[in-house]
Every structure is written in C-alpha cells, then in structure tokens.
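Convention: sequence-line order gives letters A, B, ...; per-chain numbering from 1. Nothing here was measured: the structure is a model prediction, and the numbers come from that model.
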Number of protein chains: 2
Amino acid sequence: MLKGYFSEYKVFLAVDCIIFGFDDEDLKVLLIQRDFEPEKGKWSLMGGFLKKEETLDDAASRVLFKLTGMHNIYMEQLYSFSEVNRDPVDRTISTSYYAIVNIDKHNKELIKNYNAKWFSLSKIPDLIFDHNLIVDKAVRRLRRRTSINPIGFELLPEKFTMRQLQKLYEAILDKDIDKRNFINKINSMDILVKLKEKDMSSSTKGSYLYKFDQQKYDEKQGNNFYLKI
Amino acid sequence: MLKGYFSEYKVFLAVDCIIFGFDDEDLKVLLIQRDFEPEKGKWSLMGGFLKKEETLDDAASRVLFKLTGMHNIYMEQLYSFSEVNRDPVDRTISTSYYAIVNIDKHNKELIKNYNAKWFSLSKIPDLIFDHNLIVDKAVRRLRRRTSINPIGFELLPEKFTMRQLQKLYEAILDKDIDKRNFINKINSMDILVKLKEKDMSSSTKGSYLYKFDQQKYDEKQGNNFYLKI
DNA sequence: ACAAAAGTGTTTAATCTACACCCATGT
DNA sequence: ACATGGGTGTAGATTAAACACTTTTGT
C-alpha cells in the first residue's frame, strides 16, 4: 500500500460554487444555464476543474471571478461530493464552495454571457447531477454559520438599515424575528456603527443607516457570537 | 470552458483519517509510523488513495477497517486539503475524515502491523505533510460537533458510568465541568437508560451504569441538542 | 388627519452557573 | 473509624421571549 503513486488512480476534480445573494426580500442563488453537453439547457451551479498550479480555494476564486467579475468574495469550502456516477461523462469529484456576494455589485454583462440567473431559494429548479443536494447542504451550512458568526454583511450594501439587516436574517433563517429583540441582539454584539444619515426611500420618517465595523468585529473574533436568533 | 474533459488535469485523491479514541483519561488519536518513503519513520495519519469504484466515504471506511478491523465506525468528512506542494512526491489532494472508535474494540494485531500508536492530544508529534493542520481542524470540529450533537458515545463501552461520560466530555472540550450541572444537562436530554447494575471498579460504593438509548435519540433527531457545556 | 414604517423598554420565563453536604462500602 | 469516590438540589444571575405604543413626515 502507498508504496508508489504510479499505479494509483487519478480523477478529475471540479469545484462547484453556490453563490448566495440577497435582494431586500429573498435569499437567492446564482445559477447558470448550460450551453454545452451533457444536460445542455439545464440549470447548474457554476463550476470549473481544478488546474495544475492552484489550490481548491484558488480554483473557487477563479470560478467566482469568472461569473461575477469580483475578487475577494467571501467563501468557504463546503464538502466534497464523490458518488461514482454523479457525472455521467466521466468520474469527477466535486468540491463545493459556498460564496456570499452583494447582488448589486457583480458584473451584469458576465451574467448574461453565462445565461446566469438569480433564483429564490423556494424556486430553485431541477439542477444537473447532484447539484440540488449541494445547494441544500450549502443552505444548511449558511444557516448554521449565520447563527454563530455574523457573516451576512457581505449580502448588504455598505450602508444599510436595521430593517434590511433583519429581513436578511429572516431570509437566511427562514423565519420571522421580533424587531425589538433583533435590534437588542445586534446592538449587544457591538459591531455596527450608527450613521447620522437616514435612508428616506422606505418610509416618510426615514430610517438610520448603519455600517459594519470591521475593526470592532476583528477585535471580537475568537469570541464567537452565537446569535441565537 | 468545460467543453470536453479530455484536456483537463487529473489528480491523485487521498483520504486521510483522524481516528479518535478515549481511554478513561485522555482523548487520543491513532497515528501510524510510516515504513515507506517519503518521510519513512515519521508519524502520520492513516490514509489511502481513492479507488475507481468507490466514493470518498467508501474509501474512508476501507482505510478505517484496514487499521482497526472495525466496520460501521462513526465518521464524518472534514475538509479537503489541496496545497499544491503538500505532498512532495506528487500533487495529491487529501480529503480528510474524522472517526470515533471505542479504543478497546479495535484489533490490536493490525495496529502492530502498521506500527500504529495512540497519542494523547497534547502529545501529538510532528507529522508528515500538513497532517498536524488536519488534526487541529478535526479536533476543533469534534469539539463543536460534540456541543451540538451528543456523538461521543462511540468512544465509550456499551455500559458506562456518568463519571466516565463526564470525563469524556472534559477530555473532548478540554475543560472541567461541574458534576451536578453535567448530570442535570445529560438527564434533561433524556437519551440514556439508567441500569440497575453498578460498576464497582472505581469506588467502594459503586456507580450506576447507563446505556445510550439509540431509539430515544433517533426520535429526538432534528431537534439538535445544543449541549452548551 | 391619516397612512406607513421607524423607533423604543419592560416583564416573564427559561436556562445557566455556582456551590456543599451526605452516602455506601472496603479497608 | 475513616478514606474514597458517588450521589443529590437550590438560589441567584444571565439570557431569551413575548409583547404595544409613540414618532415622523409625505400625502
């Protein structure tokens, strides 16, 4: 066993990316429509093969950049899927990554080129291979992660209202939250800065804008937050 | 992109297993001493290459069986490590699994054949490649998982005392726990059966033995436990 | 004046934490 | 009789959950 590598089996290794976004109402996933075989015309996660000189993280970043035009996207490795016949063309292992992007910041041209579209979680179509499974796992991970670590800020504009943040959490966790309890919890974390500005678009009264304070957040790291919302 | 697979790069895919055990005192990891190059003589995780007709789970089960002689070991996929030069011989991606075994039930002959040895967490030597990193990640995952889901029972004999269970938790979480609070918490989960038997080996008074009740546990699944110890 | 969303605190319930003494038995 | 580990309950603190009214301003 393990004496030499010569006789061992090699496989294709792909990364597939679950890209989450938020549009003030729904949590969404960015899917592409395949214009190549197999399963041409069907919806799928954006993916690509691992290349010789890159790590899986590199590959995921590359794939994400290709579709969104964005660098330094928040992402996390999710799981490696390896059913023998998951890909009908040839044995391919898929290491999945989930990513979180600001739905307003990505490059809309690229999206067109790839026939990509945002789908609300409740409206995700049948995907190729085991991609529905992968999405499910990503959603569950995102939910868990969100209740431990406030990572959702990538999904919002730089300045946002408490209401937007609350809607985001409601979308991610798929449940209603009491607004007073929510605000108290968020404030107790002490990682936001309240601005003097108001957003006047959603009401006559206007609502204060907040910014995520990266520095405060970093200082508190390690303390995990356990939002328990 | 993705047109054909022909031109794409293939890699070796290995599974490496972090095998946890518990000896009534310490949480331990089973390591093998390599009797082959590279890094002959150094300690390492037990691993093996993915084969043509098996999934990663299959491969991990196979590797675990090879070293312990046990089937149906509790295990969970951990993470895929992919640094380009992590393996000096040839590019190899490692998908790691952590496993939890009863330290008294595995086959001691096999362990000898592999020059394997149990190491307490605090005494893990320098391992080959990135294996120390992998072990760290496994320990962190085990700690988190243990506080959400009571999975530690695999580490104990079928019948065990509250004291043993508490020591196990203390070993996993690496902290002291108040015995009354611990018992209350465990009892509130209602997944153990208290037996009439006592274990007389640890004290003159003897202490009651308990059994894990798989059925009750299954009924409660989905409710996650959040031990918060 | 009213409609629509924003903002704000308190009370109750649940859970967590800290803590100390008696019990049973073998020697 | 005493040494050793086993067993048990409660009070105080913290955290979570439920809940309703006032403010602002454009129409």
Side-chain angles (χ1 to χ4, degrees), chain A residues 24-25 143-144 146-150 156-157 159-171 173-211 220 223-229, chain B residues 24-25 143 146-148 150 156-157 159-171 173-211 220 223-229:
Chain A
D24 267 16
E25 278 304 323
R143 290 201 173 127
R144 218 177 322 132
T146 306
S147 17
I148 293 175
N149 252 299
L156 293 174
K159 302 171 181 181
F160 50 85
T161 66
M162 275 291 178
R163 222 39 68 135
Q164 281 177 289
L165 185 59
Q166 183 180 341
K167 277 189 174 166
L168 168 61
Y169 271 82
E170 290 181 332
L173 302 175
D174 192 27
K175 65 173 184 180
D176 292 341
I177 304 171
D178 178 272
K179 65 179 170 178
R180 283 165 294 188
N181 291 341
F182 181 76
I183 290 173
N184 290 340
K185 190 65 71 74
I186 295 293
N187 282 337
S188 77
M189 294 193 309
D190 188 30
I191 50 170
L192 297 186
V193 194
K194 186 176 189 169
L195 306 176
K196 299 245 155 56
E197 287 174 79
K198 281 188 162 189
D199 167 67
M200 302 303 296
S201 66
S202 64
S203 74
T204 58
K205 186 177 178 183
S207 70
Y208 283 104
L209 289 165
Y210 291 78
K211 265 170 89 170
K220 298 196 166 62
N223 307 354
N224 283 358
F225 289 88
Y226 287 102
L227 271 194
K228 185 108 194 288
I229 284 177
Chain B
D24 266 17
E25 278 303 323
R143 289 201 174 128
T146 306
S147 15
I148 293 176
L156 294 174
K159 302 173 182 181
F160 50 87
T161 67
M162 275 290 177
R163 221 41 67 138
Q164 281 176 289
L165 185 59
Q166 181 178 343
K167 277 190 174 166
L168 168 61
Y169 271 82
E170 290 181 330
L173 303 175
D174 191 28
K175 64 173 186 181
D176 292 341
I177 304 173
D178 178 272
K179 67 177 171 178
R180 280 165 297 185
N181 291 342
F182 180 77
I183 291 174
N184 290 158
K185 190 66 70 74
I186 295 293
N187 282 337
S188 76
M189 296 193 306
D190 188 29
I191 52 172
L192 297 186
V193 194
K194 188 175 187 168
L195 306 175
K196 298 244 157 57
E197 290 174 77
K198 281 188 164 192
D199 166 67
M200 302 306 294
S201 65
S202 63
S203 75
T204 57
K205 184 178 178 181
S207 68
Y208 283 105
L209 289 165
Y210 290 78
K211 265 171 88 170
K220 296 195 167 62
N223 308 352
N224 283 356
F225 289 88
Y226 288 102
L227 270 195
K228 185 106 193 290
I229 282 174

Visitor: Between atom CE in Met162(B) and atom P in dG6(D), what is the gap in whole Å?
Guide: 12 Å
Visitor: Heavy-atom nearest nucleotide on DNA chain C for Ser203(A) versus Arg180(A): which residue maps closer to 5'?
Guide: Ser203(A)
Visitor: Rounding to an integer number of Å, can you tell me how far Gln166(B) CD sits from dT8(D) P?
Guide: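 Atom-to-atom, Gln166(B) to dT8(D), this comes out as 14 Å.
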Visitor: For Asp199(B) and dG5(D), give me the distance from atom CG to atom C1', rounded to whole Å.
Guide: 11 Å
Visitor: Take the protein atom CG of Leu165(B) and the nucleotide atom C1' of dG6(D), then report the distance between them rounded to whole Å.
Guide: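 Rounded to the whole Å, the gap is 15 Å.
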Visitor: Contact boundaries of DNA chain C with chain B (under 4.0 Å, heavy atoms), 5' to 3'?
Guide: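 With heavy atoms of chain B under 4.0 Å away, the range is dC16(C) to dG26(C).
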Visitor: Tell me the interatomic distance from Arg163(A), atom CZ, to dT23(D), atom P, rounded to whole angstroms.
Guide: 17 Å
Visitor: Within this structure, what is the NZ-CG distance for the pair Lys196(B) and Leu209(B), rounded to the nearest 0.5 Å?
Guide: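 Here the rounded value is 13.0 Å.
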Visitor: Rounded to the nearest 0.5 Å, how far apart are NZ of Lys175(A) and CD1 of Ile177(A)?
Guide: 6.5 Å
Visitor: Is there a side-chain contact between Tyr208(A) and Met162(A) (heavy atoms, below 4.5 Å)?
Guide: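 A side-chain contact is absent here, since even the closest heavy-atom pair is not under 4.5 Å.
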Visitor: Between the base of dT23(D) and the side chain of Lys205(A), is one N or O donor paired with an acceptor at under 3.5 angstrom?
Guide: yes
Visitor: By nearest heavy atom, map Thr204(A) and Tyr208(B) onto DNA chain D; which one lands nearer the 5' end?
Guide: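 The residue closer to the strand's 5' end, by nearest nucleotide, is Tyr208(B).
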Visitor: Measure across Arg163(A) and Lys179(A) and return the closest heavy-atom pair with its distance rounded to 0.1 Å.
Guide: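 Scanning both residues, the minimum pair turns out to be NH1-CD, 2.6 Å.
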Visitor: I need the CE-C1' distance between Met200(B) and dG5(D), as an integer number of Å.
Guide: 11 Å
Visitor: When the side chains of residues 182-193 of chain A are checked against the rest of the protein, which donor-acceptor pairs come out under 3.5 Å, sequence neighbours left out?
Guide:
residue	atom	partner	partner atom	Å
Asn184(A)	ND2	Arg180(A)	O	3.3
Lys185(A)	NZ	Leu227(A)	O	2.7
Lys185(A)	NZ	Lys228(A)	O	3.0
Asn187(A)	ND2	Ile183(A)	O	3.4
Ser188(A)	OG	Lys185(A)	O	2.7
Asp190(A)	OD1	Lys216(A)	NZ	3.2

Visitor: Does Pro157(B) reach the side chain of Gln164(B), with side-chain heavy atoms less than 4.5 Å apart?
Guide: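 Yes, side chains in contact.
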Visitor: Please report, rounded to the nearest Å, how far the C1' atom of dG7(D) is from the CG atom of Leu209(B).
Guide: 15 Å
Visitor: About how many Å separate NZ of Lys159(B) and CG of Asp199(B), when rounded to the nearest 0.5 Å?
Guide: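 Taking CG in Asp199(B) and NZ in Lys159(B), the distance rounds to 11.0 Å.
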Visitor: Starting at CG of Asp178(B) and ending at C1' of dT10(D), how long is that distance when rounded to a whole Å?
Guide: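 Asp178(B) atom CG is separated from dT10(D) atom C1' by 13 Å.
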Visitor: Heavy atoms only, 4.0 Å cut-off, all strands: where does Lys179(A) land among base, sugar-phosphate and nothing?
Guide: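 Base, at least one base heavy atom under 4.0 Å.
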Visitor: With respect to the side chain of Ser207(B), which nucleotide from dG26(D), dG9(D), dG7(D) is positioned closest?
Guide: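 Given the options dG26(D), dG9(D), dG7(D), the side chain of Ser207(B) is closest to dG7(D).
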Visitor: Lys167(B) near the nucleic acid: base, sugar-phosphate alone, or nothing, with a heavy-atom cut-off under 4.0 Å?
Guide: nothing
